[in-house]
Structures are given as structure tokens and as C-alpha cells.
Amino acid sequence: MGYFDSLNAQQLAAVKCTEGASMVIAGAGSGKTRVLTYRIAWLIQNGCDPFHLLALTFTNKAAREMKSRIAEIIGDSDSRNVAMGTFHSVFAKILRFHADKIGYQKNFTIYDTQDSRSLIKSIITELGLDEKIYKPGLIQHRISGAKNNLISAVDYARDGDLLLADKMSSKPRLHEIYTLYDLRCFKASAMDFDDLLFKTNLLFDEHPQVLHFYQHKFRYILVDEYQDTNQSQYVIVKKLAAVHGNICVVGDDAQSIYSFRGANIQNILNFKHDYPEHFLFKLEQNYRSTRTIVNAANSVIAKNKDQIVKTVWTDNPTGNKIRVVRTLTDNEEGKHVANQIYEIKFNHQARSRDFAILYRTNAQSRSFEEALRKLNLPYRIYGGLSFYQRKEIKDLLAYFRLAANPHDEESLKRIVNYPKRGIGNSTIDKVIVAGNDFQVSPWEVISDQTAYPTDIAPSAKRKLSEFAAMIQSFSVQMEKSDAHELAQHIAKASGIMKELYEDKSPEGVARFENIQALLSGIKEFSETGEEGSTQFLSDFMVDIALLTDADDKKAEDQDTISLMTIHSSKGLEFPYVFVVGMEENLFPSQLALNSRAELEEERRLFYVALTRAEKLVSISYATSRYRWGNLIISEPSRFIDEVDPEFLEFEGQMRGGGGVALGALNKQARMGNATKSIFSSQQRTLKKINVSSQSTLNDPLVDIRVGNNVIHERFGKGKVVGLEGNPPVKATVFFPNAGNKQLLLKFAKLEILE
DNA sequence: CTTGCAATGACTGAT
DNA sequence: TCATTGCAAG
């Protein structure tokens, strides 16, 4: 039992308390994942069959990591059989198994956000509604919200309050869109993300014997990140745990950041009412971060009203203060962060993977990419457009999807005329209209044109038949041929390969390479199968819509700096963290200033950002940045002022007068803040930092000229042969001992010899 | 039906 | 800034 020695008393208690309901409130960095892994290992070692375990995580990556850690403790063969994954992927599997019971095909398609928005858009157009009023994105959000709260289209159309609310916001026909959307998804045998949970509930309600089966199969249920579950997920868990009552939820209300996705913080706050007999464990010792970081984060989260009381503390050393950096533009912010990383790497022999740059919105990544590339620092961007969402990949996948499930309307629309085969919009519209009239999928209209007559021109009809014949030939091979062979065949026969090969522009070449990458990924998949058995393309397609960028296994062991949104950094940790774009209207987001609840969620997001760091946090803001191509002036985020100033040190370029202190003072006056002034402490630190800050008048190096003789602490004497920037930031220096070196003046500590 | 250009709106967050 | 959409001409 030596494995368990590394746990502290609270952790061990939480691990061993397996019977009944328990809730683990786990502060940031308190070893939550350890508790989950050891708990599963403990259960199995004490005789629980892995088949009886269900562990629900927030990301596929978290599930994978947990599985491999459990395998290290108790061995691969046992850990493999635990049902572990995200809510979406676990229940997608169960739904495929029982699909016929709720009228779906086993190989139903999963619509991603793009697909479902596109379908909503066409329904709005078909109903003749104004897209300016019925904005597809907003409608999608409303439908999603309804599903997450288990309100079906029928319920919605009967709910007086909802109908009234829609009327008041001049969208009285929203419920019609919801109804039609549902119908079209059903006809296409497609489910969107929310359906995977909604239909699971439906399956359990309509088929008690299925529910009964899983209630007995899953005798122990664990839910990670419980604070971010929505109503639909909550009900699933509650149903499954109803028989045995062995449920363990783990979470931290202070890290609830997904309410926009329907997450309901009340789920964790109300656990004690649902399970009055529950055991409560609080993990409050942070093992991750320095004392400064832990206390700074605590000082921020203390401003929130809605929270479970807890005290996160640490035994770790105090560490450095949190740096606050002000720059004039977003590009300068990028350069500054890149330079800091360069410096820390050099001084502390850090690896690239020790660094993360965290921002509020995906669009902010650009200035950092550029700056890092200039310094030759390797990086990787997470989120944004994932590999599987790129146009060319989606195009080819649409062929695969259509071959697996020809009723998939979105895939059909996507590729029926790509590559160009003379089937234009008017033809497609006629097909869709006919499908609606005859109550069948568009596929049925084009594959059996005698049964579903239309007024489509004969030439177009012939082209449709040719297309249908091609898809049909792919379908036939779907469950016969090897995945890679078929994928290769489809890529060629569809004309996609030719289309992309002929495009010699840089983007075209990149697209062609992406297709190759997808095909070699499928090849790898083909080869993972058991000896002698064939891996089908349909198996590869299962749940591909549920994969994200973070699930790229190959990228995990590469040594790169991570760039991501704070949302996607949840659950991760890095020695050095840069929280950037700390500006009003950006973070907190302008769209989150309408209510206290929204602002508190932004504050929790800031808390999550700070607590990702082990050793050092640096936060920065720019006083101006480009947004949609025009320059906007911005003010520092209120959250900077909310950190107890004893944990901060300010650094900034004093060009442009006022400086940090003045800005903060103005803000304090504006907010009528009566707390102790942070002005004095900033004054103090400002003086100190001016000495070392770059490109101020005090800095002797603005006087550097080409031809100067200089001395460097490592390379010795040298001569300046080139300069970049005005004032100069980078110098090329020739050292007789070391040759030509590119040096950043800020870090090189060059001394000019008179 | 396709092509090419001008106009337009998007940027919270993501399974 | 960038990608998508609408419209006119071939």
C-alpha cells in the first residue's frame, strides 16, 4: 500500500471513503486529480470490478491522463475497463448502443457547433425570417439553453413564460425554429452536442430497463469538475446514482467558469440537499504555487459573494512578487512577454513547456505568435480552430460522414457541389424544399428521384444522380474495406485531392498537407486494430466531433510554449504564467458587466488564471490595441486593483507621462474606492524599477552606436556592428572570442567602453 | 451556374 | 483584420 503514503490526511480520507455520497471541495492545486486517481485505484485494489466504475471528466485529455496514472499504480489491464471520459463521449457511446430504441441509427452523425448553426440558419431563411432579428448564433444559444435544462421543443412551445419572453424580444417564432431544428436533426439522424445529454435522459426515461442496467453496471460514480455541470448532466448523474448512492463529486466553486455553456453552480452548492447523508472533504493545502501566488489569488476571490467558505494555504516558499507590466500597444505587449520568456529561459535553464501565455479571447494570440517567432521560441496555440474544424478537413470528413450516414443534411449541403460539379444553389434549394414537403431527408430526394418528383432541370437531375451513385459506392464499402484504403479512395474519387493539389498558393499547399495529415492519421488508426481484423472508417468517424485541439496526443510531449484562453487552461499547471490583455472591456469582458453574477464569473476566471502558476505570474496590459482593424484606447483592468498590492510589483515604460500610478489613482477616484491607497506602494516600486527598465532616459544604452566597443559579461569585449529599432532594442555584436551575436539590449547588460 | 468584386459584420468562452 | 455574403455580369 506504499503508493498511498504520498497523500495527506484529508486526501487519504477522501480516497478511502467509497460508500455513499461524498463531496470533495478541492482548492486550486490541492491534488484533486491525485485523489480521483487513487480513489479509483483503491476501489479496484479492494475488489471492485473496473466494469462497475464510471468516471466523468471535463476533457478527454484529463481522462486519458488519469487512465495512464491509474495504470501506473495498478496495471494496464484493470484500468482499461473503467468507463472514463467526458459526459459527451461516454454517453455518445451508450447512445450509439441503444440508438434504435429512440429512433436513431447506430451510426448517427454528431453535429458540431458549425453544423448546427448552419442548419438553424437555413431554417430561418426557409421561414422567411429576418436574420438581423433572428440571429443564428443567438437562436442556437437559446435552443442549447433549453436542451441543457431538459426543455424539449414541445415543452417550449407550451411554456407561456418562454413564449412571452420571446415575444418581448420580438422573436415570437423562436419555438417554431426549435421545433423544425429538432425535426431536421432527427431526419438527418444527427445529434448536436446538447442532444448527447438530452437524448440520454430521454433514453433513460422511456426505457427504464436501460436505466436499470446502467444503474447496476455503474456501482461507483465519480464526477470531476462538478461545479461546471449543467442541469442535463446533473439529472443523468442523479438517475444513475439513485440505486447504489455511491457517488463522489469533486470540484471547486471558485473555479466555475462555464455558465455560458449552461453550467449551474447551484449543482455543487446544493449537493448537501440532494444527499443529506453525504461526507464532505475539503482539500485546502495548495501544493502547486508559491505563497505569493496563493495569497494573491485568495485576495482576489474574496471579493466574490457567492462561494463556499474555505481557506487555501500553502507551505511552499514565498517566491517572487507578481509582475505587472504596462505597454503602449498590443504588439509591444507581445514583444515584452517574449523577451521575458527569453530571459527566464536563459537565466533559469527553463524549458519552453514551462511557460504559458493566457488570454481572455482567442483573437489575442497574434501579437504573441509574431513576437515568439521573431525570437525563435517554439510555441503552440490551443483552441481557436481545431484541426478537425478546418475547412479542407471538414470537407473530406463530410464525404466520410455522408458515406456513413447519407441522411446527414449538413454534410450533403457542404459537398454536393464541392469540388464543383455544376449543382448550384437553386438546385440544392429545390432538393431541400422537396425533402421538407415529402417529410424525407434530402438524400432520399436525390437518390430516388422518381419517387420524389421535382421541377429540377434534367441536366441537373443527371448530375445529382451521378453524385448519389458515387456516395452510394462509398457507403457500400464503409463496413467492408479497411479505413485507410477507403479514405484514400474517397479523397481521390471525390476530386478533393486533385482540387487541392492544383492549388499552388501557400494556403493551398498547407491545405493539401492537412489532408495528407488526416489520411496518415487514419492510417495509424488502421494499424492499431487487432491482428487480422479490419478497422472500418465508420469506427474512426465515431465521436470525432468531440475531439479538440487539446486531444492531440503527439503534441503533448513537444517542448513548446503554450498559448491558450484561460478557459482552456483549466486543470493545467505551468511554472511560469503570463496573464495578458488585462484591460477593462477585454478582461473583464464588456459583455459580462451587466450583472454581479457575470462579473463574479469573470473574477473566478482571473482566479483560475493566477492559480495555474507554480513559480511566477506576470500580468500585462496595453494602453491601446487593434480591434477589427482600428486602434482603441484601453484602461487597465479593475482586477489588477483587486489583487492585494503587497503581492505586486509594477514595471512599465514611463514614456507617455502619467504612468501606472496615475492611471490607478484616476481609477480609484472614479470608483470612489476608500480602501487604503495603492498609490504609495506603487510609487515605491516604480522608483526601484525605473533603474532597470528599458529605453528610458536613464538607460545608458539608448546612446549605443554602431562601432562602439562594448563588454559583455559572458562573451567579453566586442564591437557593435548592427542595431535594430529606434530607440535600439537589439544589437549585433562581433566578439573575437565568440563571433557575431544577436543581443537584446534589455537583457544583455552590455557596457559601453569609452 | 460560375466568377469576381464590394459590402458587411464578427470577437467572449467550447464539449 | 478576415471570412462570409450579396449582387451583377458572363
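Computed from a predicted structure; not experimentally measured. First the proteins, then the strands, lettered A, B, ... as listed; each starts at 1.
Straight-line distance from the CG atom of A:Leu631 to the C1' atom of C:dT1: 13 Å, rounded to whole Å.
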With 3.5 Å as the limit, what N/O pairs link the protein to nucleotides 2-5 of chain B?
{"from": "B:dT2", "atom 1": "OP1", "to": "A:Gly422", "atom 2": "N", "distance (Å)": "3.2"}

Show me the protein contacts with nucleotides 5-10 of chain C, counting only N or O atoms at under 3.5 Å.
{"from": "C:dT5", "atom 1": "OP1", "to": "A:Lys121", "atom 2": "NZ", "distance (Å)": "2.8"}

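OP1 or OP2 of B:dA10 has not a single side-chain nitrogen or oxygen of A:Arg627 nearer than 4.0 Å. For B:dG13, the OP1/OP2 oxygens have no side-chain nitrogen or oxygen of A:Ser589 closer than 4.0 Å. In this structure, A:Asn148 does not reach the B:dT15 phosphate: none of its side-chain N or O atoms is under 4.0 Å from OP1 or OP2. The phosphate of B:dT15 (OP1 or OP2) has no side-chain N or O of A:Thr113 nearer than 4.0 angstrom. Between A:Thr59 and B:dT15 there is no side-chain N or O to OP1 or OP2 distance below 4.0 Å. One finds no side-chain N or O of A:Asn630 lying less than 4.0 angstrom from the OP1 or OP2 phosphate oxygen of C:dT1.
Candidate nucleotides B:dT15, B:dC11, B:dA14 were compared by shortest atom distance to the side chain of A:Ser568, and B:dA14 ranks first. For A:Thr86, the side-chain atoms get nearest to B:dT15 when compared with the rest of B:dC11, C:dT1, B:dT15. Comparing atom distances between the A:Trp628 side chain and each of B:dA14, B:dC11, B:dC1 picks out B:dC11 as nearest. Side chain of A:Thr361, nearest nucleotide from B:dA14, B:dG13, C:dC2: B:dG13. The side chain of A:His88 has B:dT15 as its nearest neighbour among B:dT15, B:dA10, B:dC1.
Along DNA chain B, the nucleotide closest to A:Thr565 and the one closest to A:Ser426 are compared, and the more 5′ of them pairs with A:Ser426. Comparing A:Glu602 and A:Ala460 by the nucleotide of DNA chain B that holds the closest heavy atom to each, the one mapping nearer the 5' end is A:Ala460. Of the two residues contacting DNA chain C, namely A:Lys391 and A:Arg366, the nearest-nucleotide position lying further toward the 5' end is that of A:Arg366.
Within the 4.0 angstrom heavy-atom criterion, only backbone atoms of the sugar-phosphate kind lie near A:Asn362; the bases stay farther away. Within 4.0 Å of A:Tyr258, counting heavy atoms only, lie sugar-phosphate atoms of the nucleic acid but no base atom. At a threshold of 4.0 angstrom between heavy atoms, the contacts of A:Ser89 with the nucleic acid are absent.
Of all the residues in residues 259-266 of chain A, A:Phe260, A:Arg261 reach under 4.0 Å from DNA chain B with at least one non-hydrogen atom.
No side-chain donor-acceptor contact under 3.5 Å links A:Asp330 and A:Ser367.
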